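Structure, as structure tokens:
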Amino acid sequence: MSLEEQIVKLAKAAVKALYGVEAEDSQIQLQKTRPEFEGNITLVVFPFVKLARKAPAQVATEIGEWLMANGEGLIAKYNAVQGFLNLVIGDAFWIQQLEAIDAEANYGQQPDRKQLMMVEYSSPNTNKPLHLGHVRNNLLGYSIAKIQEANGWKVVKTNIVNDRGIHICKSMLAWLKFGNGETPETSGKKGDHLIGDYYVRFDKEYKAQIAELMAGGMDEETAKKEAPLMKEAQEMLRKWEANDPEVRGLWAKMNEWVYAGFDETYKRMGVSFDKIYYESKTYLEGKSEVEKGLSSGQFYRREDGSVWADLTADGLDEKLLLRSDGTSVYMTQDIGTAKLRFQDYPIDKMVYVVGNEQEYHFKVLSILLDRLGFPFGKELVHFSYGMVELPNGKMKSREGTVVDADDLMDKMIADAKEISKDKVNTLQGITEDETNEIARKVGLGALKYFILKVDPRKNMLFNPAESIDFNGNTGPFIQYTYARIQSVLRKSNSPKDGQTAERSNSVSGQTGEAGLDPKELALIQRLCEYPGVVRNAGENFSPAVICNYAYDLACDFNSFYHDLSILNEQDATKRALRLLLAKNVAKVLQSAMSLLGIEMPERM
RNA sequence: GGUCCGGUAGCUCAGCUGGAUAGAGCAACAGCCUUCUAAGCUGUGGGUCUCGGGUUCGAAUCCCGACCGGAUCACCA
């Protein structure tokens, strides 16, 4: 039973005994005691003031007295400040907590729920490389999967690759016309970048054609439709759907280039998938699901042949599911994908990590899946996150205002390497490879933390002109704290050192005459919060909660580290306690950061 | 126009299931390395928590109404 649970129980008993009332759990309000007062945990007694008919301070004192008398020694002291009852928990309790934490290898991990959650994220189009917007999506998706695993879910990470459609044909067409057979090998470019260049090229040539047509007196609307390039792209799409061998061959070849490029980026970013679906393979399934819904009367067909769902009963509009020419739309393929996924896995909860611009889409999808009989349909989670904005607004692929994912990672790692050059004294005797590996972890750590620490729901700003920080509330700050601890632990094990590692395992409930230092106690208390933080992050789908906690823990440790010596402490018991504390801070920091997909360097 | 989301220090962000004097980082300024890693620690300055009502012993937090910003309401994805 956690400290909070014990105190809630005791407080309820106190209120019952003193005022003869059964208090609700929600009335027992606990908070961490503010640093300016003595105590570890504080009971807010205002909720009982009315029924006690006494002044707040008196109620606090009465409950405090009762807890001292009946708290089975848990509470060492108390003080009442107005309506706040500050409780001091004895050192023995905290040391016991620390030892319990130490004994748990997977501290923070919640019990197995025996349920499966599928998390869809990334979901790129195969016509351009990944940019900063995708980076946020990928990092959030991966982190959410890790967090839910820590909350006892069996998680399947999945990706739906949007590999067909007019946008792909545009790249293909531009490559055919202007590519001269260029390949990733001949150009030395990553496949996704190569294809992206032709997507941009298409747009440029297309715009030129529109301008030409308009100069000839055509209005813009018509020019956009009549431009030869667009007509050719549409023709190519029709051929693709008709399984034209030549078009399919080219499509397959170019997509392979892109996948190779994506794989490289994913690998570097540190994200992965358990199962990948391709739109080219799911959209037909979607069509047949819609046909089924049509025959069961869920949907209806209009005179022009298009198929619709009537959602007016749910307060929404009517939604198109199949075009009049029989081709499918985005919604159709999402239904098909859901069908296949449900065939492949016993999904209890489906989570879609997709930007908030698609909220309406997922509202509709939820209703449609429910109507079609998918058990997870009604309860599907659209993990809707905000956009990444640049100082002058949104990123636009075709206008070249995107921050490229590969470039950004390059820059972060290069910056990390540059900074580490000034730290040569701490990185002596390290190989070039190790230095590069540290720079990689630190650079990516800075990037990931920068993105994940922001509340996912909110839009966030990225200013390319200002480099991402490596000081303060950052990933490297937390990595640095960890590296410091590792350094101390290495030294504690060195043969020169009179102490052995075993001694740190036997703190034995003693702290010497002086008792726990406030900084030690604050650290233990912080460590105790971790499982609750993991639960909170899971319930709220928020990696940011983990970031905040890791930062607080690192701050507490650095303050402790600054004020108290670990290895030079003469009192063997205290020294052992501090080592144990350091070891477990490192453990929890690493655990928390792993939930964010951030790796920890052993030194930096 | 309907719906949804946001508005907290110069900047980027925490805090939001109501609790004590609203917190960090960056930027600015002042200190701390012969001592376990200074990517650190300590201090100073910086706030009508967009505005106005309401509920409450108590509101940045909850409710209502404005204002500002964003998203969305396609035979696009």
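The shown structure was predicted, so the numbers you read here are calculated from the model rather than taken from an experiment.
Taking a cutoff of 4.0 Å between a charged side-chain nitrogen and a carboxylate oxygen, A:Asp192 and A:Lys128 do not qualify as a salt bridge. The existence of a salt bridge linking A:Lys421 and A:Glu418 is confirmed by a sub-4.0 Å separation between a basic side-chain nitrogen and an acidic carboxylate oxygen. Between A:Arg457 and A:Asp455 there is a salt bridge, with a side-chain nitrogen of the basic residue lying less than 4.0 Å from a carboxylate oxygen of the acidic one.
A:Glu466 comes within contact range of no nucleotide atom at all, as no heavy-atom separation falls under 4.0 Å. At a threshold of 4.0 angstrom between heavy atoms, the contacts of A:Val44 include nucleobase atoms, whether or not backbone atoms are also involved. Nucleic acid contact for A:Ile566: base, since at least one base atom lies under 4.0 Å from a heavy atom of the residue. The residue A:Asp455 sits close only to the backbone: its heavy atoms come under 4.0 Å of sugar-phosphate atoms, none of a base. Counting non-hydrogen atoms under 4.0 angstrom, A:Ile485 reaches nothing in the nucleic acid. Residue A:Gln31 is classed as a base contact, given a heavy-atom separation below 4.0 Å to a base. Across all strands, A:Lys319 comes closer than 4.0 Å to no nucleic acid atom at all (heavy-atom distances). Within the nucleic acid shown, A:Val49 has no heavy atom closer than 4.0 Å to any nucleic acid atom. Within 4.0 Å of A:Met460, counting heavy atoms only, lie sugar-phosphate atoms of the nucleic acid but no base atom. Among the atoms of the strands shown, only primed sugar atoms or phosphate atoms (P, OP1, OP2) are found under 4.0 Å from some heavy atom of A:Phe477. Among the atoms of the strands shown, base atoms are found under 4.0 Å from some heavy atom of A:Phe84. Across all strands, A:Tyr551 comes closer than 4.0 Å only to sugar-phosphate atoms, never to a base (heavy-atom distances).
Between the OH atom of A:Tyr480 and the P atom of B:A38 there is a distance of 4 Å, rounded to whole Å. Atom CG of A:Asp556 and atom P of B:G23 are 16 Å apart (whole Å). Put simply, CG on A:Leu30 is 14 Å from P on B:G18, counting in whole angstrom units. Atom NZ of A:Lys519 is separated from atom P of B:U42 by 6 Å (rounded to the nearest Å). Regarding A:Phe383, its CZ atom lies at a distance of 21 Å from the P atom of B:C4, rounded to whole Å. Computed from coordinates, the A:Asn548 CG to B:G15 C1' distance equals 9 Å when rounded to whole Å. One interatomic measurement links the two molecules: NZ of A:Lys423 to C1' of B:A38, which rounds to 7 Å at whole-angstrom precision. To the nearest angstrom, C1' of B:C5 lies 16 Å from CD of A:Gln358.
Comparing A:Ser328 and A:Gln29 by the nucleotide of RNA chain B whose heavy atom lies nearest to each, the residue mapping closer to the 5' end is A:Gln29. For the pair A:Leu322 and A:Pro476, both in contact range of RNA chain B, the more 5′-proximal nearest nucleotide belongs to A:Pro476.
Taking the six-membered ring for Trp and the full ring otherwise, the centers of A:Tyr352 and A:Phe383 sit at least 6.0 Å from each other.
Using modelled atom types and a 3.5 Å distance limit, the side chains of A:Ser467 and A:Asp415 yield no donor-acceptor pair. With hydrogens and angles left out, the side-chain atoms of A:Tyr449 and A:Gln479 include no donor and acceptor closer than 3.5 Å. Residues A:Glu120 and A:Thr158 bring no donor and acceptor atom of their side chains to less than 3.5 Å of each other.
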For a salt bridge (charged side-chain N to carboxylate O under 4.0 Å, His left out) check, start with the C-alpha distance between A:Glu599 and A:Arg440, then their side-chain angles and the critical distance, and finish with the verdict.
CA-CA 9 Å; A:Glu599 298 173 77; A:Arg440 185 186 67 79; 3.1 Å; yes
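Straight-line distance between the P atoms of B:A9 and B:C49: roughly 10 Å, to the nearest whole Å. For B:U17 and B:U61, the P atoms lie 11 Å apart once the distance is rounded to whole Å. Rounded to the nearest Å, the gap between the C1' atom of B:A59 and that of B:A22 is 12 Å. Taking the P atom of each, B:A27 and B:G65 are spaced 43 Å apart, rounded to whole Å.
The listed nucleotides are B:G19, B:A39, B:U37; the one nearest the side chain of A:Pro47 is B:G19. Each of B:A20, B:G70, B:U72 was ranked by its minimum atom distance to the side chain of A:Glu357; first place goes to B:U72. Comparing B:C13, B:C26, B:A20 against the side chain of A:Asp469 picks out B:C26 as the nearest. When each of B:G70, B:G19, B:G6 is scored by its nearest atom to the side-chain atoms of A:Phe46, the top-ranked nucleotide is B:G19. Relative to the side chain of A:Ser559, the nucleotides B:U42, B:C73, B:U37 differ in distance, and B:U42 lies closest. Here the side chain of A:Asn558 is nearest to one of B:C36, B:C13, B:C41, namely B:C41. Which of B:C57, B:U37, B:A39 sits closest to the side chain of A:Val442 comes down to B:A39. Taking only side-chain atoms of A:Thr33, from C-beta outward, the nucleotide of B:C36, B:A14, B:A20 with the closest atom is B:A20. Checking B:C4, B:C73, B:A20 against the side-chain heavy atoms of A:Glu359 singles out B:C4 as nearest. If you check B:A39, B:G70, B:A20 against the side chain of A:Ser420, the one that comes closest is B:A39.
A 3.5 Å limit on both hydrogen-bonding distances identifies B:A66 as the Watson-Crick or G-U partner of B:U50. The partner of B:C33 is absent, by the rule that a Watson-Crick or G-U pair needs both atom distances under 3.5 Å. As the counterpart of B:A39, no nucleotide is assigned, since no Watson-Crick or G-U wobble pattern has both distances under 3.5 Å. As the counterpart of B:G19, B:C57 is assigned, both hydrogen-bonding distances of the Watson-Crick or G-U wobble pattern falling under 3.5 Å. Look at B:C26: its Watson-Crick or wobble partner, with both distances under 3.5 angstrom, is B:G10.
Side-chain to base pairing of A:Asn86 with B:A20: one donor and one acceptor N or O lie within less than 3.5 Å of each other. A donor N or O paired with an acceptor N or O is found under 3.5 Å between the base of B:A20 and the side-chain atoms of A:Thr42.
Close to B:A39, at under 4.0 Å from its OP1 or OP2, lies no side-chain N or O of A:Arg484. Side-chain nitrogen and oxygen atoms of A:Arg457 include none within less than 4.0 Å of the OP1 or OP2 phosphate oxygen of B:C5. Contact annotation: A:Asn463 does not reach the phosphate of B:C11 (side-chain N/O to OP1 or OP2, under 4.0 Å). Taking side-chain N and O atoms only, A:Lys453 has no distance below 4.0 Å to OP1 or OP2 of B:U12.
Side-chain contact between A:Phe462 and A:Phe450 is present, with heavy atoms from C-beta onward closer than 4.5 Å.
Under the stacking criterion of a centre-to-centre distance below 5.5 angstrom and an interplanar angle below 30°, A:Tyr561 is not stacked against the six-membered ring of B:G40.
A cation-pi arrangement is absent between A:Arg164 and A:Trp251, since the terminal nitrogen or guanidinium carbon is not both under 6.0 Å from the aromatic centre and inside a 45° cone about the axis.
Regarding the sugar-base torsion, B:C33 falls in the syn class, its angle being within 90° of 0.
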